[in-house]
Amino acid sequence: MGERLKGKIAFITGAGMGIGRAAAVLFAQEGARVVIADIDGKAAKETVARVKTERGEALAVTGDVSIEADVERMIADGARHFGGLNILYNNAGVLWKDRDRSVLETDGQWWDRVMAINLKSVFWVTKYGIPHLQRGGGGSVIMMGSVSALVGFTRAQDAYTSAKGALISLTKSLAIQFARDRIRCNIIHPGIVDTPLQAPYLTDELRREFAAGIPLGRIADPREIATVALFLASDDSSFMTGAELVVDGGFTAG
Ligand SMILES: NC(=O)c1ccc[n+]([C@@H]2O[C@H](COP(=O)([O-])OP(=O)(O)OC[C@H]3O[C@@H](n4cnc5c(N)ncnc54)[C@H](O)[C@@H]3O)[C@@H](O)[C@H]2O)c1
């Protein structure tokens with residue numbers, strides 16, 4: 001057990017699996033108490049069980065991050081249970097390569113749904129979460145962007161890409177607005193990560209293709225993104241706000 005988040009309370013969306021789960025376990029190993037927010041209640045409870053095997057403390061709250069009432073309730077329940085919030089990690093997101101494609105091929109309903117889950121969710125989480133950080137004397141807000149927001153791809157997911165791009169602007173706006181409240185806000189841009197989100201698409205052929213295109217020669221493990229989130233959540237990044245961290249094995253450097 002480390003102490004980099006000792007005494008902190010973290011609210012992590014989409015912590016039922018993938019990167020969010022890895023972050024929940026890592027944050028707890030570093031002393032944080034963690035609110036595990038996910039639409040999948042069973043998955044959220046499994047993450048709580050993982051945290052507990054590390055002798056950490058976690059609470060599962062279930063709801064849809066795109067729905068205002070759900071987010072308001074999950075934030076309130078988490079803050080009441082642990083006595084406040086210091087870290088908001090906006091991790092939940094969906095990538096639906098079958099329904100979200102080029103603008104020419106995407107139905108409006110799927111555009112709206114991807115935007116609601118990947119972008120509007122962050123509006124709700126920060127709207128209801130930031131007052132708790134202010135009351136606690138400061139904190140850290142972390143966004144999940146993507147390399148998709150930084151470069152174009154011929155295999156397009158235009159709603160996903162647009163939502164992630166908008167998060168860059170929101171990150172900077174929140175960073176400036178709340179700096180004097182000692183609230184920092186930064187965004188991580190992962191490259192491809194081996195999680196349930198990618199699993200339906202990661203054929204052996206595609207894995208080989210990705211590995212060949214990534215200078216470090218492989219896709220990332222979720223923990224390799226969670227460690228960067230830990231850095232942004234902790235005082236190790238105390239002079240960073242409004243920043244973008246690209247964690248992509250060198251993909252966008254090429
Ligand atoms: N995996 C990658 O290659 C990759 C790359 C770049 C960015 N990202 C971003 O990282 C974040 C996490 O991705 P992941 O790969 O761990 O995903 P994942 O699918 O493995 O896990 C996402 C979690 O979010 C939850 N979730 C989905 N919709 C929700 C909703 N409406 N309300 C509440 N919870 C919901 C899911 O139940 C799941 O537990 C996402 O924002 C994603 O866009 C992932």
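For ligands, and for the atoms within them, numbers begin at 1 and follow the listed sequence. Because the structure is a prediction, the values reported are computed rather than measured.
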With heavy-atom distances below 4.0 Å as the criterion, list the atoms of ligand 1 near Gly93. 40 (C), 41 (O)
Please write down residue, atom name and distance for the protein heavy atom closest to atom 16 (O) of ligand 1. Ile19 N, 2.8 Å
Taking Arg21 as the fixed residue, which of Asp38, Asn91, Thr47, Thr195 is the one that meets the side-chain hydrogen bond (donor to acceptor under 3.5 Å, both in side chains) rule? Thr47
Spell out, as yes or no, whether a donor-acceptor pair under 3.5 Å connects the side chain of Thr13 to the backbone of Ala92. yes
In terms of residue, atom name and distance, what is the protein heavy atom nearest to atom 5 (C) of ligand 1? Gly191 O, 3.1 Å
Regarding Arg113 and the six-membered ring of Trp110, is the cationic atom NZ or CZ under 6.0 Å from the ring centre and inside 45° of its axis? no
Tell me, please: is Ser121 in heavy-atom contact with ligand 1, that is, under 4.0 Å? no
Give the contacting part of Arg21 toward ligand 1: side chain, backbone, both or neither, where contact means a heavy-atom distance below 4.0 Å. neither
Test side chain to side chain contact (heavy atoms under 4.5 Å, CB included), reference Ile192, set Arg218, Arg207, Gln198, output is Gln198
Of Asp38, Val94, Asp40, Asp64, the one whose closest heavy atom lies nearest atom 37 (O) of ligand 1 is Asp38
Protein heavy atom at shortest distance from atom 32 (N) of ligand 1: Val65 N, 2.9 Å
Salt bridge Asp236-Arg4, side-chain N to carboxylate O under 4.0 Å: yes
Among the clusters formed by ILVMFWY side chains lying less than 4.5 Å apart, do Ile188 and Val122 turn up in the same one? no
Does Ala92 reach ligand 1, in the sense of a heavy atom lying below 4.0 Å from it? yes
Backbone of Thr106 reached by a side-chain donor or acceptor of Arg101 within 3.5 Å: no
Would you say the side-chain atoms of His189 pair up with the backbone N or O of Ser146, donor to acceptor, closer than 3.5 Å? yes
Contact check: Pro190 vs ligand 1, nitrogen or oxygen atoms, below 3.5 angstrom: no
If we only count N/O pairs under 3.5 Å, is Met144 in contact with ligand 1? no
Can a donor-acceptor pair be found, under 3.5 Å and without considering hydrogens, that links the side chain of Arg73 to the backbone of Thr62? yes
Which of the atoms of ligand 1 are close to Gly145, meaning less than 4.0 Å from one of its heavy atoms? 7 (C)
Tyr160: numbered ligand 1 atoms lying under 4.0 Å from its heavy atoms: 6 (C), 7 (C), 8 (N), 9 (C), 42 (C), 43 (O)
Same cluster or not: are Val228 and Met143 linked, directly or through other Ile, Leu, Val, Met, Phe, Trp or Tyr residues, by side-chain heavy atoms under 4.5 angstrom apart? no
Is Glu46 salt-bridged to Lys42, cutoff N-O under 4.0 Å? yes
Under 4.0 Å to a heavy atom of Gly16 - the qualifying atoms of ligand 1, by number: 39 (O)
Check each atom of ligand 1 against the heavy atoms of Gln198 and keep those under 4.0 Å away; list them by number with element. 1 (N), 2 (C), 3 (O)
Sidechain-backbone polar pair: Tyr160 side chain, Met115 backbone, donor-acceptor under 3.5 Å: no
Gly20 N/O to ligand 1 N/O under 3.5 Å: no
Is there a heavy atom of His189 sitting under 4.0 angstrom from any atom of ligand 1? no
Below the 3.5 angstrom mark, is there an N/O of Asn91, backbone or side chain, next to an N/O of ligand 1? yes
So that I can tick it off, tell me whether Glu244 and Lys172 are bridged by a salt bridge, with the cut-off set at under 4.0 angstrom between side-chain N and carboxylate O. yes
Is there a polar contact, in the sense of an N or O pair closer than 3.5 Å, between Leu197 and ligand 1? yes
Quick one: does Ala220 get a heavy atom under 4.0 Å from ligand 1? no
Ranked by distance from atom 23 (C) of ligand 1, the top protein heavy atom is Gly14 O, 3.4 Å
Out of Thr195, Ile39, Val71, whose heavy atom sits nearest atom 33 (C) of ligand 1? Ile39
At less than 4.0 angstrom from any non-hydrogen atom of Gly63, what atoms of ligand 1 do you find? 32 (N), 33 (C)
Any donor and acceptor pair, going by atom type alone, linking the side chain of Asp64 with main-chain N or O of Ile39 inside 3.5 Å? no
So, for Ile9 and Gly83, which heavy atoms are closest and what is the spacing to 0.1 Å? CD1-C, 4.2 Å
If you measure every N/O of Ala37 against every N/O of ligand 1, is any gap under 3.5 Å? no
Suppose I only count heavy atoms of Ile192 and a 4.0 Å limit; which atoms of ligand 1 are within that range? 3 (O)
Just let me know how Met17 lines up against ligand 1, side chain, backbone, both or neither, with a heavy-atom cut-off below 4.0 Å. both
Can you pull out the closest protein heavy atom to atom 3 (O) of ligand 1? Residue, atom name and distance to 0.1 Å, please. Val193 N, 2.7 Å
